Amino acid sequence: MDINVIEKLAKIARENGLSRLEIEEDGLHIRMERESAPAGAAAASPAPAAAVSLPEPASEPASDGLYVQKSPLVGTLYLAPKPDAAPFAAPGTHIKKGDTICIVEAMKLMSELSAEVSGTVERVCVENGRPVEFGQPLFMIREDV
(Lines give C-alpha, C1' and ligand atoms only; values in the text may rest on other atoms or scores of the structure.)
Protein backbone atom coordinates (compact mmCIF):
# COMPACT_ATOMS: atom_id res chain seq x y z
CA MET A 1 0.00 0.00 0.00
CA ASP A 2 1.27 3.43 -0.94
CA ILE A 3 2.35 5.68 1.97
CA ASN A 4 0.21 8.48 0.47
CA VAL A 5 -2.88 6.29 0.92
CA ILE A 6 -1.94 5.69 4.57
CA GLU A 7 -1.43 9.42 5.11
CA LYS A 8 -4.83 10.17 3.55
CA LEU A 9 -6.50 7.57 5.80
CA ALA A 10 -4.84 9.10 8.86
CA LYS A 11 -6.04 12.55 7.79
CA ILE A 12 -9.61 11.31 7.30
CA ALA A 13 -9.54 9.59 10.69
CA ARG A 14 -8.12 12.68 12.40
CA GLU A 15 -10.62 15.08 10.76
CA ASN A 16 -13.55 12.88 11.79
CA GLY A 17 -12.39 12.19 15.33
CA LEU A 18 -12.09 8.44 14.83
CA SER A 19 -10.33 6.63 17.64
CA ARG A 20 -9.53 3.55 15.57
CA LEU A 21 -9.46 2.54 11.91
CA GLU A 22 -8.59 -0.90 10.54
CA ILE A 23 -8.17 -1.79 6.89
CA GLU A 24 -7.16 -5.03 5.23
CA GLU A 25 -6.25 -5.09 1.57
CA ASP A 26 -4.43 -7.77 -0.42
CA GLY A 27 -3.10 -9.44 2.74
CA LEU A 28 -1.84 -6.12 4.18
CA HIS A 29 -3.43 -5.19 7.51
CA ILE A 30 -3.30 -1.58 8.73
CA ARG A 31 -4.58 -0.46 12.11
CA MET A 32 -4.56 3.17 13.22
CA GLU A 33 -5.35 4.06 16.81
CA ARG A 34 -5.38 7.27 18.80
CA GLU A 35 -2.60 7.25 21.41
CA SER A 36 -1.65 9.57 24.24
CA ALA A 37 1.26 10.89 22.13
CA PRO A 38 0.94 14.39 20.61
CA ALA A 39 -1.19 14.64 17.46
CA GLY A 40 0.71 13.88 14.30
CA ALA A 41 3.18 11.49 15.94
CA ALA A 42 3.31 8.14 14.16
CA ALA A 43 4.87 4.81 15.00
CA ALA A 44 5.28 1.83 12.69
CA SER A 45 5.85 -1.77 13.68
CA PRO A 46 7.96 -4.22 11.70
CA ALA A 47 4.79 -6.13 10.78
CA PRO A 48 2.71 -4.65 7.95
CA ALA A 49 0.78 -2.34 10.27
CA ALA A 50 0.97 1.31 11.29
CA ALA A 51 -0.17 3.18 14.39
CA VAL A 52 -1.02 6.85 14.06
CA SER A 53 -1.91 9.27 16.85
CA LEU A 54 -5.29 10.91 16.42
CA PRO A 55 -6.88 13.76 18.36
CA GLU A 56 -9.64 13.09 20.87
CA PRO A 57 -13.09 13.06 19.23
CA ALA A 58 -15.38 16.02 19.75
CA SER A 59 -17.69 15.68 22.72
CA GLU A 60 -21.05 14.03 22.07
CA PRO A 61 -23.91 16.34 21.22
CA ALA A 62 -26.24 17.19 24.09
CA SER A 63 -29.25 14.88 23.93
CA ASP A 64 -31.77 17.29 25.54
CA GLY A 65 -33.99 14.33 26.46
CA LEU A 66 -33.82 12.90 22.95
CA TYR A 67 -33.02 9.28 22.11
CA VAL A 68 -29.54 9.02 20.61
CA GLN A 69 -29.19 6.28 18.01
CA LYS A 70 -25.54 5.31 17.72
CA SER A 71 -23.56 3.47 15.09
CA PRO A 72 -23.24 -0.26 15.77
CA LEU A 73 -20.18 -0.53 13.51
CA VAL A 74 -17.31 1.32 11.85
CA GLY A 75 -17.78 2.33 8.23
CA THR A 76 -19.06 5.01 5.86
CA LEU A 77 -22.53 6.44 6.49
CA TYR A 78 -25.02 6.89 3.67
CA LEU A 79 -28.27 8.70 4.43
CA ALA A 80 -30.02 7.65 1.18
CA PRO A 81 -30.27 4.43 -0.83
CA LYS A 82 -28.68 6.13 -3.89
CA PRO A 83 -26.72 9.37 -4.33
CA ASP A 84 -29.64 11.14 -6.06
CA ALA A 85 -32.41 9.71 -3.81
CA ALA A 86 -34.14 11.35 -0.88
CA PRO A 87 -32.68 10.50 2.55
CA PHE A 88 -34.23 7.69 4.58
CA ALA A 89 -34.64 9.98 7.60
CA ALA A 90 -34.12 13.76 7.61
CA PRO A 91 -34.87 16.21 10.44
CA GLY A 92 -38.65 16.37 10.88
CA THR A 93 -39.22 12.88 9.48
CA HIS A 94 -41.45 10.62 11.57
CA ILE A 95 -39.99 7.11 11.80
CA LYS A 96 -41.23 3.85 13.26
CA LYS A 97 -39.13 1.34 15.13
CA GLY A 98 -37.61 -0.98 12.52
CA ASP A 99 -37.67 1.55 9.64
CA THR A 100 -34.43 1.81 7.67
CA ILE A 101 -32.81 5.15 8.56
CA CYS A 102 -29.37 4.87 6.92
CA ILE A 103 -26.77 2.53 5.47
CA VAL A 104 -23.27 1.91 6.81
CA GLU A 105 -20.74 0.49 4.38
CA ALA A 106 -17.94 -1.56 5.92
CA MET A 107 -15.52 -3.64 3.86
CA LYS A 108 -17.74 -3.19 0.76
CA LEU A 109 -20.70 -4.66 2.68
CA MET A 110 -23.79 -2.44 2.92
CA SER A 111 -25.64 -2.72 6.25
CA GLU A 112 -29.06 -1.10 6.57
CA LEU A 113 -29.56 0.35 10.05
CA SER A 114 -33.05 0.26 11.51
CA ALA A 115 -34.60 2.78 13.86
CA GLU A 116 -34.36 1.57 17.45
CA VAL A 117 -37.37 3.66 18.53
CA SER A 118 -40.42 5.33 17.00
CA GLY A 119 -40.45 9.12 16.89
CA THR A 120 -39.43 12.24 15.00
CA VAL A 121 -35.87 12.77 13.80
CA GLU A 122 -34.70 16.01 15.40
CA ARG A 123 -31.09 15.97 14.22
CA VAL A 124 -28.79 14.01 11.91
CA CYS A 125 -25.36 14.06 13.60
CA VAL A 126 -23.19 12.89 10.66
CA GLU A 127 -22.96 14.15 7.09
CA ASN A 128 -23.69 11.81 4.20
CA GLY A 129 -20.64 9.90 2.96
CA ARG A 130 -18.59 10.52 6.11
CA PRO A 131 -16.83 7.82 8.14
CA VAL A 132 -18.40 6.76 11.43
CA GLU A 133 -17.03 4.76 14.32
CA PHE A 134 -18.60 2.29 16.72
CA GLY A 135 -20.83 4.07 19.24
CA GLN A 136 -20.79 7.41 17.42
CA PRO A 137 -24.13 9.29 17.61
CA LEU A 138 -25.94 9.22 14.27
CA PHE A 139 -29.46 10.50 14.96
CA MET A 140 -31.25 12.40 17.73
CA ILE A 141 -34.87 11.21 17.90
CA ARG A 142 -37.77 12.63 19.89
CA GLU A 143 -39.56 9.45 20.95
CA ASP A 144 -43.30 9.05 20.57
CA VAL A 145 -45.16 9.21 23.86
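This is a predicted model, so every value here is computed, not measured. Scope of the values below: all heavy atoms of this structure, side chains included, with no hydrogens, waters or symmetry mates.
- Among all heavy-atom pairs drawn from P81 and A86, the shortest one is CD-O, 3.7 Å.
- For the atom pair I101 CD1 and T93 OG1, the distance stands at 10.5 Å (nearest 0.5 Å).
- Annotation for V126 and L79: closest pair O-CD1, 3.9 Å, computed over non-hydrogen atoms.
- Heavy-atom minimum distance, S114 versus Q69: O-NE2, 2.8 Å.
- Residue pairs meeting the side-chain hydrogen bond (donor to acceptor under 3.5 Å, both in side chains) criterion with at least one partner in residues 72-85, sequence neighbours excluded, are Y78-E105.
- Contact detail for V124 and A89: the closest heavy-atom pair is CG2-O, 3.8 Å.
- L113 and Y67 end up in the same hydrophobic cluster when Ile, Leu, Val, Met, Phe, Trp and Tyr side chains are linked at under 4.5 Å.
- The minimum heavy-atom distance between A85 and A80, with the atom names listed, is O-CB, 3.5 Å.
- Scanning both residues, V132 and S71, for their nearest heavy atoms gives CG2-OG, 3.7 Å.
- Rounded to the nearest 0.5 angstrom, I103 CD1 and S111 OG are separated by 9.0 Å.
- Once rounded to the nearest 0.5 Å, the distance linking CD of E112 with OG1 of T100 reads 4.0 Å.
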Anything under 3.5 Å between a donor and an acceptor, one on a side chain of residues 135-145, the other on a protein residue two or more places apart or in another chain? List them.
residue, atom, partner, partner atom, Å
Q136, OE1, E133, N, 3.0
D144, OD1, H94, NE2, 3.1
D144, OD2, H94, NE2, 2.9

